[in-house]
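Per chain, numbering begins at 1; letters A, B, ... match sequence-line order.
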2 protein chains.
Amino acid sequence: MSGDDRERAILAAAEAMLAQRTLDEISIDDLAGAAGISRPTFYFYFASKDAVLLQLLDRVIAEVDRRGAAVIPDTSAASPDFANAINVFVEVFAEHRGVTVATVAARLSSPAIQELWSISMQRWVDHVAEVIAAEQERGAAPRGIDPHHLSTVLNTMNEQVLSATFTRTVPFVPTDEVGAILHATWRRAIYGR
Amino acid sequence: MSGDDRERAILAAAEAMLAQRTLDEISIDDLAGAAGISRPTFYFYFASKDAVLLQLLDRVIAEVDRRGAAVIPDTSAASPDFANAINVFVEVFAEHRGVTVATVAARLSSPAIQELWSISMQRWVDHVAEVIAAEQERGAAPRGIDPHHLSTVLNTMNEQVLSATFTRTVPFVPTDEVGAILHATWRRAIYGR
DNA sequence: CACGCTATCAACGCTGTGTCGACTGAACCA
DNA sequence: TGGTTCAGTCGACACAGCGTTGATAGCGTG
């Protein structure tokens with residue numbers, strides 16, 4: 001087994017385990033064992049557990065961006081399609097719920113994860129803010145809330161609502177309705193009154 | 001110094017430290033030291049760090065409920081006052097931001113904190129859901145989103161937006177505007193279109 | 001064939017947690 | 001007054017998990 005295979009094995013083991021338990025219920029020994037190596041050898045491939053999660057998160061974010069590029073609401077569109085964009089988020093994060101949930105927890109303790117998540121969030125927030133501003137510009141959406149602030153709270157809402165739904169932390173909204181509920185709330189918050 | 005004094009000293013030390021650093025940057029040794037006792041003696045008073053946080057959180061929730069009772073929107077009110085209710089949340093949690101931030105982190109690992117937070121959230125969600133339902137009933141708010149689901153996403157949004165604001169985790173909205181922004185978003189989400 | 005590079009791990013030291021057993025002193029009887 | 005109880009205290013231990021060091025083994029390549 002080559003080095004690349006080992007690295008892949010660690011990542012695969014981590015994602016599989018994260019589907020079952022928290023990151024800090026997983027020891028480096030567990031990961032190493034699942035990849036067929038000893039703990040010190042783990043450090044040859046990754047500097048820490050967080051570094052593994054960081055790489056998993058990086059993939060997930062790349063997938064969101066890739067699948068999102070096709071459907072992300074356009075500033076120039078007459079009536080931007082938020083529903084599809086939100087659906088991409090819901091679907092991709094649901095497919096990787098272990099990584100998603102672990103990220104939400106780990107970003108509070110790991111600066112690296114914090115930063116990666118932060119940068120991605122900012123990109124999404126900025127883009128949505130532009131779309132909202134354009135809608136206000138053309139009179140389709142009312143002014144009254146700063147587009148960037150509104151975009152921030154809506155994106156933050158999505159993040160936490162999805163995390164709660166995935167972990168079934170009451171109160172939460174059902175998985176199969178979460179996309180529709182979020183979208184309806186966005187539409188009202190952006191276009192309402 | 002009596003036993004009760006020691007217990008109070010531990011709680012006070014914990015809240016003071018939480019204003020500066022994370023719960024898991026605080027060791028039991030730190031808490032014991034600050035309260036003038038040794039680590040084993042700490043266990044005479046609390047079963048764990050989480051138990052200390054649990055008690056601090058309990059107080060904060062009690063304060064929210066006490067100060068909230070006066071202003072919580074009434075189902076029978078002609079036009080419920082969400083602004084004041086949200087302000088109570090913002091103010092009380094801001095006064096105890098250390099405890100608030102630690103709670104958001106610890107509930108992912110501590111079942112006891114999870115449960116206390118969960119139960120309180122559910123109470124707030126249920127109450128707001130009733131108010132929304134009443135508003136829909138009397139025709140002041142449009143139907144289209146289930147009141148309980150809407151209440152869930154709005155309360156979840158508040159929780160996360162406040163946490164992000166307190167930790168200054170970008171993207172976040174400024175502290176002095178967060179109440180107004182949340183309230184404006186609630187109003188649109190409940191009454192909009 | 002020797003040099004360097006990848007890959008590996010036994011063994012170590014460290015930090016933090018939680019427990020056990022023994023000790024102290026004050027209050028409360030008998 | 002002298003024993004008993006009990007809240008309060010801590011030294012010392014065992015343990016889990018992290019991260020590092022240093023030594024080793026194999027493989028390719030000039």
Side-chain angles (χ1 to χ4, degrees), chain A residues 1-18 20-57 98 101-103 105-114, chain B residues 1-18 20-57 98 101-103 105-114:
Chain A
M1 214 189 233
S2 87
D4 277 1
D5 289 335
R6 284 279 142 93
E7 191 171 325
R8 268 191 293 274
I10 294 173
L11 290 166
E15 177 134 26
M17 287 181 189
L18 282 176
Q20 309 295 329
R21 36 198 172 121
T22 318
L23 186 60
D24 44 37
E25 287 167 349
I26 300 170
S27 72
I28 292 181
D29 247 336
D30 291 339
L31 289 177
I37 54 178
S38 69
R39 200 165 55 80
T41 303
F42 167 91
Y43 287 98
F44 180 81
Y45 294 100
F46 295 95
S48 64
K49 271 191 291 186
D50 286 349
V52 177
L53 178 57
L54 191 67
Q55 200 145 324
L56 290 174
L57 176 60
V101 169
T103 297
R107 96 202 142 136
L108 299 163
S109 60
S110 158
I113 289 175
Q114 165 78 264
Chain B
M1 216 189 230
S2 86
D4 277 1
D5 289 334
R6 291 283 189 214
E7 192 171 323
R8 268 191 292 275
I10 294 173
L11 289 166
E15 177 134 27
M17 287 181 187
L18 283 176
Q20 308 296 329
R21 36 199 172 121
T22 318
L23 186 60
D24 45 36
E25 286 168 350
I26 300 170
S27 72
I28 291 181
D29 245 338
D30 293 338
L31 289 176
I37 53 178
S38 71
R39 200 166 56 79
T41 303
F42 168 91
Y43 287 98
F44 180 81
Y45 294 102
F46 295 96
S48 64
K49 272 192 291 185
D50 286 350
V52 177
L53 178 58
L54 191 69
Q55 200 147 322
L56 289 175
L57 175 61
V101 170
T103 297
R107 93 201 146 135
L108 298 164
S109 60
S110 157
I113 288 175
Q114 166 77 265

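- Between the side chain of R39(A) and the backbone N or O of I28(A), no donor-acceptor pair lies under 3.5 Å.
- Side-chain atoms of P40(B) lie closest to dG11(D) of the nucleotides dT17(C), dG11(D), dT20(D).
- Using a distance-only test at 3.5 Å, with no hydrogens or angles considered, no donor-acceptor pair links the side chain of K49(A) to the main chain of S27(A).
- Counting to the nearest Å, the C1' atom of dA7(C) and the CD atom of E7(A) are 13 Å from each other.
- Between T41(A) and dA7(C) there is no side-chain polar atom (N or O) within less than 4.0 angstrom of OP1 or OP2.
- L108(B) CG to T22(A) OG1: the interatomic distance, rounded to the nearest 0.5 Å, is 8.0 Å.
- Here the nucleotide nearest the side chain of S38(A), chosen from dT9(D), dG19(D), dC9(C), is dC9(C).
- Residue S27(B) is classed as a sugar-phosphate contact, given heavy-atom separations below 4.0 Å to backbone atoms only.
- In this structure, CD on E7(B) lies 9.5 Å from CZ on F44(B), to the nearest 0.5 angstrom.
- Y45(B) comes within 4.0 angstrom of sugar-phosphate atoms only, judged by non-hydrogen atoms across all strands, and of no base.
- D50(B) has its CG atom 16 Å from the P atom of dG16(C), to the nearest Å.
- The nucleotide whose nearest atom lies closest to any side-chain atom of I37(A) is, among dT8(C), dA12(D), dT9(D), dT8(C).
- Atom-to-atom, CD1 of I28(A) to C1' of dT20(D) comes out at 12 Å; the value is rounded to the nearest Å.
- One finds no side-chain N or O of K49(B) lying less than 4.0 angstrom from the OP1 or OP2 phosphate oxygen of dG16(C).
- The CG atom of D5(A) sits 14 Å away from the C1' atom of dT6(C) (whole-angstrom rounding).
- Out of dT6(C), dG19(D), dT9(D), the shortest distance to the side chain of R6(B) is found at dT9(D).
- Taking atom CZ on F42(B) and atom C1' on dG11(D), their separation rounds to 19 Å, with Å as the unit.
- Picking from dG18(C), dG19(D), dT20(D) the nucleotide with the shortest atom distance to the side chain of S48(A) gives dG19(D).
- Nearest to the side chain of R39(A), among dA7(C), dC12(C), dC9(C), sits dC12(C).
- Between the CZ atom of F46(B) and the P atom of dT19(C) there is a distance of 16 Å, rounded to whole Å.
- Distance from the side chain of F44(A) is smallest to dT8(C) among dT9(D), dC20(C), dT8(C).
- Atom CG in L31(B) sits about 15 Å away from atom C1' in dG18(C), given to the nearest Å.
- In this structure, CD1 on I10(A) lies 11.5 Å from CG on D5(A), to the nearest 0.5 angstrom.
- Atom pair E25(B):CD and dT15(C):P shows a separation of 16 Å (rounding to whole Å applied).
- Comparing dG18(C), dC10(D), dA7(C) against the side chain of Y43(B) picks out dG18(C) as the nearest.
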